[in-house]
Participant: 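Pasting a structure here, questions to come.
Quantities reported herein were computed from a predicted structural model and do not represent experimental measurements.
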Amino acid sequence: MASKVPGVQITGGREIRKQLSALGDAAVADLKTVNLEGAEIVLEEAIARVPVGRGSKKRPGGNLRDTVRASATKTRGTVRAGFKKKAPYAGPIHFGWPDRGIAPQPFLYEAMDVRRNEVERAYFAHIATIKRKHRL
């Protein structure tokens, strides 16, 4: 079954990772850097789109926004939101909860959609640089 999560998929990514892995840890670190940069492009947009509630004296608004973060591995960059203690409601806000009358506000998916072309351009530019650097 195909994933419903939006993203950029790279054809030939497995072959590039295999070649770079054979070159050693420095080459793999380059892949992590590329993937983190792509995630940070989406992160910037996601932070701008995250819904911010009114909050209260005990819990000021913006807790969910403060939990949006980017991470990367050699195979992908990821943007996530929510922590169990600080914003356990991240999932219901993003995906909705019809039984409770909460409409979905898919700010992470929207951020990826808006920045998809920018991520793709950055990725291909960096991969070309890495290939030149490692003479692939």
Side-chain angles (χ1 to χ4, degrees):
M1 185 168 137
S3 171
K4 293 181 182 180
V5 177
V8 175
Q9 294 185 351
I10 307 300
T11 302
R14 181 175 291 151
E15 291 79 15
I16 291 170
R17 285 190 303 274
K18 187 175 180 180
Q19 290 173 345
L20 290 174
S21 291
L23 294 173
D25 291 342
V28 172
D30 287 341
L31 275 177
K32 288 180 184 178
T33 301
V34 168
N35 289 331
L36 183 59
E37 183 175 324
E40 287 174 343
I41 290 169
V42 176
L43 173 70
E44 181 182 315
E45 185 70 27
I47 288 171
R49 291 175 170 272
V50 68
V52 178
R54 294 186 311 266
S56 65
K57 286 184 180 182
K58 284 186 171 184
R59 287 189 121 153
N63 282 350
L64 180 56
R65 181 189 55 227
D66 295 344
T67 68
V68 181
R69 65 213 182 273
S71 62
T73 66
K74 69 180 180 180
T75 59
R76 70 181 54 162
T78 306
V79 179
R80 293 185 175 104
F83 291 117
K84 193 170 187 173
K85 290 189 181 224
K86 193 167 184 180
Y89 47 84
I93 295 295
H94 190 270
F95 297 107
W97 192 351
D99 293 347
R100 299 281 175 108
I102 299 172
Q105 299 179 61
F107 59 95
L108 294 172
Y109 291 173
E110 291 168 354
M112 182 65 220
D113 287 343
V114 168
R115 295 288 183 97
R116 181 182 312 278
N117 292 335
E118 191 176 339
V119 170
E120 186 176 2
R121 283 191 303 273
Y123 189 87
F124 283 114
H126 281 289
I127 291 297
T129 301
I130 290 171
K131 287 172 86 174
R132 280 192 305 274
K133 177 181 173 182
H134 297 285
R135 296 184 179 106
L136 296 177

Participant: List the steps and the verdict of side chain to side chain contact (heavy atoms under 4.5 Å, CB included) for Phe124 and Val119.
Facilitator: CA-CA 9 Å; Phe124 283 114; Val119 170; over 6 Å; no
Participant: Please tabulate, for the side chains in residues 93-103, all donor-acceptor contacts under 3.5 angstrom to protein atoms that are two or more places apart in sequence or on a different chain.
Facilitator:
{"residue": "His94", "atom": "NE2", "partner": "Leu108", "partner atom": "N", "Å": "3.2"}

Participant: How many angstroms lie between OG in Ser71 and CD in Glu40, if you round to the nearest 0.5 Å?
Facilitator: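 Ser71 atom OG to Glu40 atom CD measures 10.0 Å (nearest 0.5 Å).
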Participant: Going from CD1 on Ile127 to NZ on Lys133, what distance comes out if it is rounded to the nearest 0.5 angstrom?
Facilitator: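 So the CD1 of Ile127 and the NZ of Lys133 are separated by 11.5 Å.
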Participant: Please enumerate all residues that pass ring pair (Phe, Tyr, Trp, His ring centres under 6.0 Å) together with His126, with sequence neighbours excluded.
Facilitator: none
Participant: Return yes if some donor-acceptor pair links the side-chain N/O of Asn63 with the main-chain N/O of Ala87 below 3.5 Å, else return no.
Facilitator: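 The answer is no, because no donor-acceptor pair under 3.5 Å joins these two groups.
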Participant: Looking only at non-hydrogen atoms, find the nearest pair between Ala90 and Gly82 and report the distance.
Facilitator: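 Here Ala90 and Gly82 meet closest at CB-CA, 3.6 Å.
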Participant: Measure the CG-CD distance between Leu64 and Gln105 for me, rounded to the nearest 0.5 Å.
Facilitator: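 Here the interatomic distance stands at 9.5 Å.
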Participant: In Å, rounded to the nearest 0.5 Å, how long is the span from OH of Tyr123 to CD1 of Ile41?
Facilitator: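 Between Tyr123 OH and Ile41 CD1, I get 12.5 Å after rounding to 0.5 Å.
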Participant: Keeping Asn35 on the side-chain end and Lys74 on the backbone end, is there a donor-acceptor pair under 3.5 Å?
Facilitator: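 At least one qualifying donor-acceptor pair exists.
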Participant: Within the structure provided, determine whether Arg76 and Thr78 are in side-chain contact (heavy-atom separation under 4.5 Å).
Facilitator: yes
Participant: Does atom CZ of Arg69 have more than 12 heavy-atom neighbours, drawn from other residues, nucleotides or ligands, at distances under 6.0 Å?
Facilitator: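 Yes, CZ of Arg69 has more than 12 neighbouring heavy atoms, counting only those of other groups under 6.0 Å.
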Participant: Just distance, no hydrogens or angles: give the donor-acceptor pairs under 3.5 Å from side chains in residues 42-53, sequence neighbours left out.
Facilitator:
{"residue": "Glu44", "atom": "OE2", "partner": "Arg115", "partner atom": "NH2", "Å": "3.3"}
{"residue": "Glu45", "atom": "OE1", "partner": "Arg115", "partner atom": "NE", "Å": "3.4"}
{"residue": "Glu45", "atom": "OE1", "partner": "Arg115", "partner atom": "NH2", "Å": "3.3"}
{"residue": "Glu45", "atom": "OE2", "partner": "Arg49", "partner atom": "NE", "Å": "2.8"}

